[in-house]
Each structure stands twice: as structure tokens, then as C-alpha cells.
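Notes follow the structure.
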Amino acid sequence: MSGPKIIFFILAAAILVFSVMSIFSRRILRAAIYLLFVLVSMAGLYYMMNFQFLAAVQLILYAGGIVVLIIFSILLTSQINSTLDPPRKSHLLLGAVTSVLGLILGATTILKYSFQASASAPIGTDMRTIGRHLLGTGAEGYALPFEVITVLLLAALVGSILIARKPKV
Amino acid sequence: MNIEQLTAWVTALVPDQKPGVSKQFAECIVPAGQLHQLCKDLRDNRNTQMDYLFCETAVDRKDGFHMVYHMKSTILQHTLVIRVILTDKINPEVVSVSDLWHGAEFFEREIFDLFGIRFTNHPDLRRLFLEEDWVGYPLRKDYKDSFTLER
Amino acid sequence: MYDFAPFIDSYTSYLNAHFSPFWAGLISMVSLGVALLLFYAVLGLYLVYAERKVCAQMQNRMGPNRVGPMGLFQTIADLIKLLLKELIYIRNADSFLFNIAPFIVIVASIMAIGSIPFARGLQAVDLNIGVLYILAISSMGVIGVLIAGWASNSKYSVIGAMRSGAQVISYELSVGLALLCAITFAGSMQLSEIIASQQDGWWIFKGHIPAFVAFVIYLIAGTAETNRGPFDLAEAESELTAGFHTEYSGIKFAFFFLAEYMNMFVIAALATTLFLGGWLPFHLYNFTAFNTVMDYIPPVFWFFGKTAFVIYVMMWFKWTFPRLRIDQLLALEWKYLLPISLLNLLLISFLTLMQWHF
Amino acid sequence: MEETLLDIDLKDREEYIINMGPQHPSTHGVLRFETCLQGEMVKYIIPHCGYIHRGIEKMSESLSYPQLVHLTDRMDYLSAHMNNEAVALCVEKAMEVEVTDRVKYIRTILAELSRIASHQLWWSAFGMDLGALTTFFYGLRDRERILDIFEETTGTRLIQTFITPGGLMNDVHPNFQKRVREFVTYFRKKLPEYNQLLTGNVIFQERTKGIGYMSKEVAISYGVTGPSGRGSGFHCDIRKLAPYSAYPFVKFNEITATEGDTFARYWVRMQEMSESLDIIDQLVDNIPQGDYMLALKAIKAPKGEFYHSVETARGELGVFIVSDGGPNPARIKYRTPNFSNLFVINKIAAGHKIADLVAISGSLDLVIPDIDR
């Protein structure tokens, strides 16, 4: 077994274990931290596949952004002693059945599909290519203008906060 | 106003005042019932303008607790001492002047803490220095506890 | 001259010749890790020492001068003390999060160090997204601070953590934009390429005033991102006793402490690499004799000299300025630094497009 | 009357209460501010004192006047000379004796020196409250010189008990005049350094200007005296209003500011330091010859009540002695400046940020033992 393979298995195990722990943790902040570990391990996988940009974006957006946001909202709303209520038996059963069904569905689909190595040369994922695509106007271009439109969403968010905010007493 | 004028002024407001012992300031001994009205007049009147209560304290004397109010006008620069004698030595009670001078609120809390004088109309009469469960009022002359040095 | 690449190449080829690929890879990884950790620990300790000396200089004092010559072993003695100290366990604290928080902080700063080029060929990994990588990794540190504050079950800590979170998230924008300025000039995110682009002059000199503005913004925002004075609101000791690390003791406190200094080092090293030419020597235009003499100074010295200068400036801030208030801090970022750096970035893009920089 | 503390329901779950003190770096002593926060904003503050209540007033009732002077040092330990002086002057007034001019001059010089020393310590700590740690070392470096002068003359550095009813404990050290003169020239050069380090700093000004506004009416009503009161335009300098000791002989200005904010209180203290230097300057070369202690048979106040106040570094210290004619007072009351200065904090700091609370309480310059006594 070669070095990269070992690392792959370590990362894969980490992803699986932490995602399970994240689901089953009663304490909400712990769940968020397990989620962070999952996301960081995913970034590790991306690095291994040489998708360095993707890995960095994964870290910035998910680990540095979303998880921080989640932690922030937990900090603002909950107390240290509060834990989530244990799920009801019926919910537990229903969840188990659904997830087993999902597993069967996913597994059969993957197993039935015969994966074939792509014959075309791998697309370079260095910064230059990504940059050209982002700012380009040709095929696969116009990514940046599309992203800029999302500012509209931000404006809507800010506006809704402004409207919904309690007036200053 | 000088000492005589101030004393005369107080006499006009509270006819049954008695002159005090102080040689330093104008001093009047007034009945407890008229204290608040007198203080309010002294503070608000243009001729007296006692806007600054710089010291309020109690003294444990033989004839009762003396409440001593040192007040001063920062505009007219005259000082007046008002004294109230509370003859009830078990449960002394006097009206609070903390609505006239904010500083009095805490002077009175200290006096309540150490002398046990209750102030009516006080907004927040709690002990200031000692614990809530402290027994007795240390600055009273008859206060005794196990660890005070006797001389 | 002074190229580390052949040395590292010969080391890897030696490993490849004598071991199976698996063991060669493992040994090279472990040796790299050990080297980085050792470097990290020693540098952290001596940054603490440097801070104490700089602080003493600002305050008309001697600073540490008893343990070892000029007090050089003082921080090592302190570290031993911290290692031996009792770890305090807090009732009702979330012990798992409480224990893991210092590690998140310290791992984030160790990982950032890995991609910094210290000299020609002396760099653990030369990622093609180097700057982005460091930004991404350093944005993880704040999670450690946040959960440290929350898990301590102390009100001071929570306030400190919230402040720190708000601060780091805000100032990350300015740091990123200021770094983007240098990236725009260099046309690459790879740290080695950025350094190569400064062969004929550092960006702070070549990039006219906008580059200087970007450098200053980077320094301010970088200082804020490391939670150092005058932006040390997260641990404002006169208000929150010690902020997010109030309840930490012993080695866990030492981790926070070390990480703070190493984050400062990372910020300074990045400033050096992007604006001050990294390990490149200082050259005067066409003054060959001077340039040759400068070339004789090894790149490691150049790198650490420049970084030390930036660190000194940051310490200077800390020991002479009062602390900002939280609303002033956020107003500074959102009302001043961010608009200025956006405008600055626009200006720099224009400069680069027109090829007007030197 | 506006809303009082009892009206606020303390059980409200929305409230986030943190304790500033009694073991907290911001209060410089054992004082507790029960601070209710809304986010970073302070909703109200309840000061809790009594952590260092020693019953000085009760103890004094069983001590003779020269003895009880020793306790006054322990009230506002940074203005120890002035505290001694207050009792000494009150007892002298009661006994209707007057000390020699030499004693008056020396008392005033000592008082002004300790005012400078006290303001230096305040300045150092105030910078630290705002996060400027370097000020502490600048202030203490120069304060050390004053303490050296005190040590040479009185034998101690902090709580000297040098001024006593009837005069001084001892004559001053032969070096006294020379060293005081040296200090004055030295400190005149150092004072601008203080301003360079802190006063002109943009962050510092942003942190202090417009923060913790106290109007003149509030200052008078709460009885806030000293530099804190004068920062609000309250003319309360006892040295001017009722000059005692050597103050009638010297020319000096009462420093007042009208802004009433934290910066005004800061500025008043900074100006007072140089004003004190001027006072010392006028006195130190002209100390007359004479006895340092009156030949008194016994120090006994006659039957009656006496009040005397002095200006300490923090404001008006009044001593109220009720005497039955014996060697010890029947009741002694200290109207201490910090007691009155403290309780205005809820009024002026509510609605500001926590960091401002630290700045405001720093600008009030509280010495906790003086509150509790």
C-alpha cells in the first residue's frame, strides 16, 4: 500500500466517522465541530486529487464561512448546558428505514453503472484556467457576472434585516 | 447669606426650629416631620439654592440619633447644617431626601447599614457595606460583638 | 548561490535509492513534519522573547535578562513552567470542545507555515494557490477561538469569543483584498512565482502609491486578524480579564499563546513575500557593485530580516496604542479599510492592465 | 425621579449579567460592578462595595486623635498626606490653635507632591484600562522619584502618617528642598512626554471624547467632587473655596472643563499636575524657619462639633468630628470623595459599551478603600 492510499483511507474514515458523530451528537456545538472535521477531511481529499483551488475554496467557504456562521448562531442562541432532546422511537425507526432504503438505492445505482476512464486529456485545474473561465466570454465563461448577481441576494438579506429589526428604544 | 440670615430664613420656614451647637456653620434643629418640605424649599428657593448636600450622617447621642445634613449652595456659596433628632432609639425612622439630592441615596444606605435608621421613600434601601444577614448596626454605641476590642 | 533545492533533491533521491517508495515517502513526510514543528516551536519561543524585549524597550525596562545570556532562555524556562503546570478542569464546561480548541488554533497556524518560502528552494509545498491556501487555513483559527470561548462556560470568554469572531471575519476581507492587490501585480497566486516577479524590484516600490496603500491596509488588517493590540479586543484584559482564554491554564494556554505569535509570523511572512520581495536581496537600480554585495547575504537572512522588521512594526503598534472599542473596530473595517481597499484594488487592476507599474 | 434599580426585574432571563470585580483588572481594587449587558452594551450597573470595609469610623471612636490619624492613611492610600492633613486641620480648628508657617508650607508641598504622585498612578492605570500598557511604566517611573522624596523625609513610601494634629511627626530631611526642586525641573520635562504618548493619540481621543457625559447638575446632585467634578464644570476645589494651610500664599488656577466627558476629566487631571508643580515651585524655596510641632499639652477637642474639608487628589474629603471633650471623638465621620464619586457610575455609564465602562470608571479615579473605609 502506498503513502497516498494510506492517507486516502485515513481521510475517508475520518469523513465517515465524523459525519456519523455529527448526526448523533446531542450537543449542538459538538455536532458543528464534527461537521467541520468532515469538511476539512473533504478538503484533504481534494488536495490529494490535485484540485487545490477547490480544496482552498472548500476550506474558505465551508470551514471558514459556513461553520463559523453556524457556531456564531449557536453561540447567540443556546446555553452550554442545553442538549438536544433524544429523538422519539418512531422517528428513530422511520429514519433508520429511510436511510437503509437510500443506501440500497445508492449502492445499486453505483454498482450497476460501469465506470470508464475518460479518454480525453484531463483538464488543467491551475489558477490560470479557472481565472480564464471565470472572466472569459467564450464557452464556459460568464461565471463572474453570474456570481456578481448573487450580490442581489445579499442586498435582499440586508434589506430584510433592516425591515425586520426592532426599532431602537 | 451669612449665618444669621440663614438661621432667620429657616425660622421663617419652620417656626419651631432650635439653634444648633455649631459655631462654624448656621445650624438649625428641626422636627423630623418638616424635614423634607424644608429641604425642598431650601434647595429650590432662589435665595438659598442649596443644590449640594455634601455630607449626611448620623450620630448616636444620648437623646437619640442625630441626623446631620450639611448642605451648601454652589452658586451662593453658603453652608447650612440641618439637624433632626430621632428620639426612638430602637426603630428610628426618618424621611429620605434622596429625591432631592441623588448623593443622599448612598449616604442614607450607609447610615441604614451602620446605624439602622430606616428612611421612608428611599428607592433602594439595602445594606451597603455589610452582608445582608449581619446582625446589629455597628456604629451604634450599644453595639457589641465578640471580636470588637473593648477599651 | 545559496539554493536549497539541490540539497533537498539529493536528500529525496538518497531516500528513494535506499528505501522502498512507501518508506521513502513516509520518512520524507515525517522528517518534514519534525523539521516544521521544531522550527515552529523555536521560532514561537523566540518571538515571545522578542516581544518581551521590544516591549521592554518601549517601556524603559530591561526585559528578561536573568535566564541565560541576555535572558535568551527565559521563554524556554517559561515553557517548562507551563508544561509542568496543573491543567484546570472547569465544571460544566464542554470538556471535549474545551480540550480541542487550542489544537484547532495551533494546527491552523502550523499548516499555514508549511507553504511559506523561507529561501530559494526552502519551502515545504509550493502550491499553485499558495496565497489562497494560507488565507483558507488561517480562517480556520477563528473556529478554535470561538469554541474555546464557548466551551469555557465563562461569560468573559463568550464575549471575547464573539468579539474575536466578528473581528476576524470582518478583517479577513481587507486582508484578502490587500493580498489581491499583490496578486494582481504578480499575476499569480503561487508564492514562488510572486517572488520571481519581484526579481527586478519589490512590489512595494514597483507598484507606486497603491501598492504602499495595500501594504499598510494589509498590516492593519493583519494585526487585527491576529487579535493583537491595538485590536486585542478578544482578550481585552482590562474588560474581559483574558477574553476567550480566561479559563485555560498550563500547556493549553501556551498553545494559544504560541499560536498568536506564529499567526503574527505568518502575517509578517506573507507581507514580506508579497510586498517586500520575499527572500530576494535589496537591489538598487543598476548599481552593480552594491547589488553584488547584497547578493552575498544569504536569502534566509533577507527573508527573516524583512519579516522581523514587519513583526517589529506590529509589536510597536501594540505597545504604544490604546485599544479600540468593538464598534470603532468594526467601523474602521467596514467604513474605511474595506472601501479604500476596494478602490485600491480597482486602481491596481487599472495600473496592471495599462502596464504602468515598473 | 427616574427608574431606580429596584424597578428592574433581576430575574429577567434576557439579562446577561457579568461581574466586573471584585477580582477583576478593571476596578483596581475590591469593588464589584454587577453589570447587566445587552450584547456589548451596558444596561445598568449596580456597584457592590464593602469588600474592604474595616470600620475605620468605629475604630476611631476608641482612639485618641494622634492615633486615629494613622487610620486615615488607609482610606485613600494615594492621598495619605491629605487625609492626615484633613484630620489635623479639623482637630486644630477645634482646639483653636494655629500651626507655624513652616508646617503649613511643608504640609502643602507634601500634599501637592502626593497629588502629583496620585495623578501619575491614575494616568498609568487609565492608559492600561484603555489597553495602552506602556503608560504604566512611564507613570510609575516618575512617581518613583516622589516616593523617594517621601521615603527620605517620612520613612515610608505609601502611607506616611507624617502630618499630625499640631504639626508634623518630624522635621523634613535636610535634602528635602533640594530633591523637591530637582523633581520639579525633572517632571516639567516629562509631562509633555505623557501627552505625546497618550493625550494626542487618535484612538485615545476616540475612546474618551463624548463618553460618559456627566452634566454639572448631575455632578453637584451626586456630590462628585475633585477632578471628576471639575471636568463637568463644577467649581469644587476646596483649595480655592476655603483655602487652608499654605494655599492662601500661592497663586494657582482651579482647572475646570465644561465638556463633562471622560476626556475632560482626563484633561483636568493632566493640567492639575502642572498646576501642582507651580504651587510647589512657589513654596519650596521659601519654607520659613520655625518649629515643626506645636508644644501642646494634650490633644483634646473641646465639646462640640467640627467639620473641615480638604481637597485630596480625588475631591473633597470632609472630616466631621463630634467631641464630648475627651481625648477621643464621640463620632468621627469621613465624607470621602470616592464614596460620592462612585455612585454616579450607573448614571453616566449606562448605555455605553463595556469598554467604555472601564474607561469611565477609570476616569473617575476610584480608590476602593476610600469608599468602604
Side-chain angles (χ1 to χ4, degrees), chain C residues 51-52 54-63 149 152-167 220 223-224 227-243 246 315-332 335-336, chain D residues 15-21 23-28 33 35-37 39-42 124-142 144 190 193 196-209 211 266 352-362:
Chain C
E51 166 119 305
R52 291 166 76 164
V54 170
C55 154
Q57 183 215 348
M58 300 279 170
Q59 301 177 338
N60 305 306
R61 296 187 287 122
M62 298 285 286
S152 298
N153 193 20
S154 154
K155 288 177 178 177
Y156 299 127
S157 302
V158 173
I159 297 175
M162 297 293 286
R163 281 183 178 184
S164 162
Q167 177 181 341
I220 296 173
T223 314
N227 279 333
R228 279 183 60 82
F231 308 105
D232 55 344
L233 289 105
E235 45 178 286
E237 76 288 319
S238 60
E239 303 146 32
L240 305 177
T241 57
T246 306
M315 288 177 176
W316 190 357
F317 284 166
K318 169 156 182 166
W319 294 110
T320 43
F321 285 158
R323 187 182 301 117
L324 277 86
R325 204 171 55 214
I326 183 76
D327 56 327
Q328 292 169 344
L329 179 93
L330 295 180
L332 174 70
K335 290 190 183 157
Y336 300 100
Chain D
E15 305 210 318
Y16 195 79
I17 290 173
I18 67 166
N19 282 318
M20 310 286 263
Q23 288 103 359
H24 190 278
S26 74
T27 51
H28 309 299
F33 289 135
T35 312
C36 175
L37 297 180
E40 285 265 343
M41 202 192 75
V42 174
S124 315
F126 186 55
M128 233 167 53
D129 284 342
L130 295 173
L133 300 161
T134 300
T135 59
F136 200 76
F137 293 88
Y138 275 64
L140 287 197
R141 175 194 65 191
D142 301 336
E144 205 66 5
K190 291 292 173 189
E193 225 174 68
Q196 275 174 13
L197 184 62
L198 200 61
T199 316
N201 189 302
V202 186
I203 303 176
F204 174 75
Q205 299 214 348
E206 285 287 312
R207 284 290 306 275
T208 51
K209 282 195 172 159
I211 302 298
Y266 171 86
H352 286 294
K353 304 270 187 301
I354 320 173
D356 293 330
L357 168 63
V358 177
I360 291 167
S361 77

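Computed from heavy atoms alone, side chains included, the values below leave out hydrogens, waters and symmetry copies. Lettering of chains follows the sequences in order, A, B, ..., and the numbering in each one begins at 1. Please read all numbers here as calculations on a predicted model, not as lab measurements.
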Enter the distance from C:I326:CD1 to D:I354:CD1 here, rounded to the nearest 0.5 Å.
-> 9.5 Å

Which atoms of D:M128 approach chain C - backbone, side chain, both or neither, heavy atom under 4.5 Å = backbone

How many angstroms lie between CG in C:N60 and CG in D:L140, if you round to the nearest 0.5 Å?
-> 11.5 Å

Inter-residue atom distance D:L133.CG - C:R323.CZ, 0.5 Å rounding | 7.0 Å

Rounded to the nearest 0.5 Å, what's the gap from CZ on D:F137 to CE on C:M58? Could you check?
-> 13.5 Å

Pick from D:V358, D:T134, D:N19, D:D129 with the largest number of heavy-atom pairs that fall under 4.5 Å of chain C | D:T134

Which bit of D:L357 is near chain C, if near means a heavy-atom gap under 4.5 Å: side chain, backbone, both or neither?
-> neither

Partners meeting ring-ring contact (aromatic ring centres under 6.0 Å, His included) with C:Y156 (sequence neighbours left out) | D:H24

Highest number of heavy-atom pairs under 4.5 Å with chain C: which of D:D356, D:L198, D:L197, D:I18?
-> D:D356

What distance do C:D327 atom CG and D:H352 atom NE2 have between them, rounded to the nearest 0.5 Å?
-> 11.0 Å

Check: C:Q328 side chain, D:E206 main-chain N or O, donor-acceptor pair, under 3.5 Å = yes

Step by step, work out the side chain to side chain contact (heavy atoms under 4.5 Å, CB included) result for C:K155 and D:L37.
-> CA-CA 11 Å; C:K155 288 177 178 177; D:L37 297 180; over 6 Å; no

Name the region of D:R207, side chain, backbone, both or neither, that has any atom closer than 4.5 Å to a heavy atom of chain C.
-> both

What pair of heavy atoms forms the shortest contact from C:R163 to D:A355, and how long is it?
-> NH2-N, 4.5 Å

Quick one: closest heavy-atom pair of D:I203 and C:P322, and the distance?
-> CG2-O, 3.5 Å

